[in-house]
Amino acid sequence: MTFRRKNKLATKLGLLFLISILFLEGILFVVLYFGFLNERTKAETDALLARGNSHRDVLEKHFDSDTREHVALMESEAETEVVITDQENNILVHSNELTSAVQQTIKSSNTIPFEGAIIEGNWMREPIVATGSPIMKNNQVIGYVYMILNTQGIRDVRDHLTSQFLIVSGLALFLTVITIIYLSRFITEPLIHMKEATQKMSLGEHDVFLKEDRNDELGELARAIQSLSDDLLRLKNERSDFLASIAHELRTPLTYLSGYADITKRENLSPKERNTYLSIIKEESENLTALVKDLFDIAKMDQKGFVIEREKIDLCTLIRQVREKVTPAFENKGIYLLISCQKDIHITLDPGRISQVLLNLLDNALHYTKEGNTVLIDTSVNNSTVEVSVIDEGEGIPEKDLPYIFDRLYRVDKSRSRKYGGSGLGLAIAREIIENHGGSISALSHEGKGTTIKIVLPGDD
Ligand SMILES: Nc1ncnc2c1ncn2[C@@H]1O[C@H](COP(=O)(O)OP(=O)(O)O)[C@@H](O)[C@H]1O
Ligand SMILES: [Mg+2]
């Protein structure tokens with residue numbers, strides 16, 4: 001039952017195989033049986049009749065006992081048999097032993113035309129086939145020549161053919177069973193495993209392991225399902241890691257807030273001290289607001305419906321607008337901000353989003369660069385791309401951290417980043433936006449020397 005239920009496909013294919021083999025074999029059998037065997041017997045009986053007629057011709061000339069004996073002697077050496085009778089069907093001579101079948105056949109024969117006739121042609125049921133030819137003299141029948149052929153030989157051939165047919169049928173049946181086993185092992189079973197794997201996946205289990213060592217379509221399917229499962233597992237892990245990190249990120253400022261709020265409540269504080277604590281509270285809550293806003297941005301970008309509203313703009317104008325926004329902060333810290341921008345770089349992008357990216361990068365450059373140094377925004381146009389780089393002479397990023405800085409919540413020095421209100425989401429958001437524009441973003445950095453963040457955007461053709 002389970003075999004049948006589980007191996008529907010294999011059974012169907014196997015039965016199809018069996019039916020086609022039996023069908024072909026059946027056609028072959030019918031052709032051989034009715035075509036070949038019938039032809040063969042017809043030829044034999046025709047030959048028998050012709051032979052009987054030729055004996056008859058001899059006997060019409062000399063119907064004496066010597067001639068009759070001579071004919072009988074000739075036939076006794078052949079496969080065929082002859083019986084010669086008088087006009088009353090009384091046997092005069094016969095070449096071989098007279099069996100009851102032969103006697104019976106001769107007795108029951110009716111009038112035979114001059115050209116002779118087949119008096120027994122049913123080779124399938126009767127032990128003999130027989131022909132008869134009348135011997136005439138002066139328009140009077142003076143006797144008969146009967147020719148007899150044993151049908152055992154033909155029936156042997158038929159029996160042989162039938163048993164051959166049965167053997168082939170048995171073989172086909174056996175092959176079918178083998179085929180079904182083979183198909184179920186190599187086709188149905190992998191399919192069932194894959195089905196079970198996808199069912200497991202939809203239930204949220206991801207410890208799926210499929211054999212993928214085949215190099216056919218089923219192997220490809222298994223590999224696709226395996227990588228889907230691996231991806232899902234990775235995404236699931238990433239999501240829970242991310243949630244844990246977010247919880248952690250939120251807890252720290254909230255602890256500060258409640259701590260400082262407690263201190264501020266003390267009665268013996270001077271107004272100056274109270275002011276200091278209140279501004280810390282304000283700063284922390286602003287940081288928290290910024291973090292929540294960044295998280296919200298990230299969440300929006302994760303949704304499929306995240307749209308980029310592109311319009312054709314002049315890149316330098318956009319960069320100058322961004323610079324205006326950050327100039328006070330840079331001047332405050334005593335860092336020079338330079339722009340190198342070719343004229344007329346017209347490009348289609350989402351100006352709001354790209355400004356956000358540049359603000360994030362400049363924010364980092366500002367915070368990780370010491371007073372008196374320079375930050376440069378450089379642009380260049382290549383064949384089909386536009387590059388924007390933010391280059392600083394700051395502290396740089398250690399080589400071991402460099403591959404991860406675009407990951408969500410990744411920060412080289414958590415406490416330092418926190419101090420300025422960083423969330424570790426700035427570069428992740430930047431990368432998301434740039435990739436949504438069909439571009440790429442990368443970092444180059446030497447510790448102690450500075451960092452270059454390079455954006456490559458596809459240009460307008
Ligand atoms: N220009 C830079 N110079 C040095 N380190 C940088 C620079 N830009 C980014 N980083 C490092 O990469 C980390 C991730 O940056 P980002 O995603 O913007 O987070 P954060 O909120 O900490 O700024 C930062 O914490 C910092 O350690
Ligand atoms: Mg940042």
Side-chain angles (χ1 to χ4, degrees), residues 290 293-294 297-298 300-302 305-369 372-394 396-397 402-403 405-408 422 425-446 449-461:
K293 187 188 157 292
D294 282 351
D297 267 353
I298 286 265
K300 264 200 305 201
M301 285 170 198
D302 277 348
F306 175 65
V307 273
I308 288 213
E309 285 164 13
R310 290 168 193 266
E311 53 185 274
K312 207 176 177 88
I313 52 122
D314 175 43
L315 188 63
C316 295
T317 314
L318 182 85
I319 290 175
R320 262 179 244 119
Q321 282 165 356
V322 171
R323 179 177 60 180
E324 246 164 68
K325 271 192 204 160
V326 297
T327 300
F330 275 75
E331 277 177 356
N332 243 347
K333 204 176 166 184
I335 295 172
Y336 304 101
L337 178 57
L338 303 178
I339 295 181
S340 150
C341 196
Q342 271 171 254
K343 257 191 205 156
D344 296 332
I345 306 177
H346 294 285
I347 179 166
T348 308
L349 41 73
D350 185 333
R353 294 287 178 191
I354 295 294
S355 304
Q356 188 183 359
V357 171
L358 290 175
L359 284 172
N360 281 352
L361 299 186
L362 289 172
D363 194 48
N364 286 344
L366 174 68
H367 287 104
Y368 300 109
T369 301
N373 284 334
T374 306
V375 172
L376 168 70
I377 305 178
D378 191 23
T379 59
S380 68
V381 182
N382 286 336
N383 285 345
S384 57
T385 55
V386 175
E387 288 180 18
V388 182
S389 302
V390 177
I391 305 158
D392 68 45
E393 305 171 327
I397 302 164
L402 206 53
I405 56 166
F406 291 99
D407 290 354
R408 293 171 181 190
L425 290 171
L427 287 180
I429 291 174
R431 181 174 68 174
E432 207 83 43
I433 292 173
I434 296 301
E435 285 179 355
N436 265 297
H437 275 83
S440 65
I441 184 166
S442 57
L444 200 86
S445 188
H446 293 287
K449 287 202 177 134
T451 304
T452 299
I453 307 280
K454 187 165 88 175
I455 297 169
V456 181
L457 286 169
D460 294 0
D461 329 287

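- Listed by chain and number, the residues in a side chain to side chain contact (heavy atoms under 4.5 Å, CB included) with Ser442 are Lys454 (sequence neighbours excluded).
- Between Asn360 and Ala430, the shortest heavy-atom distance links the atoms ND2-N, 4.4 Å.
- With sequence neighbours excluded, the residues forming a ring-ring contact (aromatic ring centres under 6.0 Å, His included) with Tyr368 are Tyr420, listed by chain and number.
- Counting only heavy atoms from C-beta outward, the side chains of Leu425 and Ile298 approach each other to under 4.5 Å.
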List the atom pairs, donor and acceptor, that lie under 3.5 Å between side-chain atoms in residues 374-384 and the rest of the protein, sequence neighbours left out.
{"unit_1": "Asp378", "atom_1": "OD1", "unit_2": "Ser340", "atom_2": "OG", "d": "3.0"}
{"unit_1": "Thr379", "atom_1": "OG1", "unit_2": "Ser340", "atom_2": "O", "d": "3.1"}
{"unit_1": "Asn382", "atom_1": "ND2", "unit_2": "Glu387", "atom_2": "OE2", "d": "3.1"}

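- Counting heavy atoms from C-beta on, the side chains of Ser355 and Leu318 come closer than 4.5 Å.
- No side-chain heavy atom of Val386 sits less than 4.5 Å from a side-chain heavy atom of Val456.
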Side-chain donor-acceptor pairs under 3.5 Å in residues 343-350, sequence neighbours left out?
{"unit_1": "Thr348", "atom_1": "OG1", "unit_2": "Asp460", "atom_2": "OD1", "d": "3.3"}
{"unit_1": "Thr348", "atom_1": "OG1", "unit_2": "Asp460", "atom_2": "OD2", "d": "2.7"}
{"unit_1": "Asp350", "atom_1": "OD1", "unit_2": "Gly352", "atom_2": "N", "d": "3.2"}
{"unit_1": "Asp350", "atom_1": "OD1", "unit_2": "Arg353", "atom_2": "N", "d": "3.4"}
{"unit_1": "Asp350", "atom_1": "OD2", "unit_2": "Glu309", "atom_2": "N", "d": "2.9"}

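- By the side chain to side chain contact (heavy atoms under 4.5 Å, CB included) test, Glu311 pairs with Ile313, Pro351, sequence neighbours left out.
- Pairs passing the salt bridge (charged side-chain N to carboxylate O under 4.0 Å, His left out) check and including a residue from residues 428-439, sequence neighbours excluded, read Arg408-Glu432.
- Each of Leu444, Asn364, Ile405 was compared with Ile397 under the side-chain contact (heavy atoms from CB on, under 4.5 Å) criterion, and only Ile405 meets it.
- A donor-acceptor pair under 3.5 Å links the side-chain atoms of Asp392 to the main chain of Thr451, judged by distance alone.
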Pairs under 3.5 angstrom only: tabulate donor-acceptor contacts from the side chains of residues 326-337 to other protein residues two or more places apart or in another chain.
{"unit_1": "Thr327", "atom_1": "OG1", "unit_2": "Arg323", "atom_2": "O", "d": "2.6"}
{"unit_1": "Lys333", "atom_1": "NZ", "unit_2": "Leu366", "atom_2": "O", "d": "2.8"}
{"unit_1": "Lys333", "atom_1": "NZ", "unit_2": "Thr369", "atom_2": "O", "d": "2.9"}

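- The salt bridge (Lys or Arg N to Asp or Glu O under 4.0 Å) check on Asp294 picks up nothing, with sequence neighbours excluded.
- Partners of Lys449 according to the side chain to side chain contact (heavy atoms under 4.5 Å, CB included) rule, which considers only residues two or more places apart in sequence or in another chain, are His446.
- Contacts of Asn436 classified as side chain to side chain donor-acceptor pair (under 3.5 Å), with partners at least two apart in sequence or in another chain: none.
- Ser445 places a side-chain N or O within 3.5 Å of a backbone atom of Gly450 that can act as its donor or acceptor partner.
- Applying the disulfide bond (SG atoms under 2.5 Å apart) definition to pairs two or more places apart or across chains, those involving residues 318-361 are Cys316-Cys341.
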May I have the step-by-step check of side chain to side chain contact (heavy atoms under 4.5 Å, CB included) for Val388 and Ile354, ending in yes or no?
CA-CA 11 Å; Val388 182; Ile354 295 294; over 6 Å; no
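- The shortest distance between side-chain heavy atoms of Ile433 and Met301 falls below 4.5 Å.
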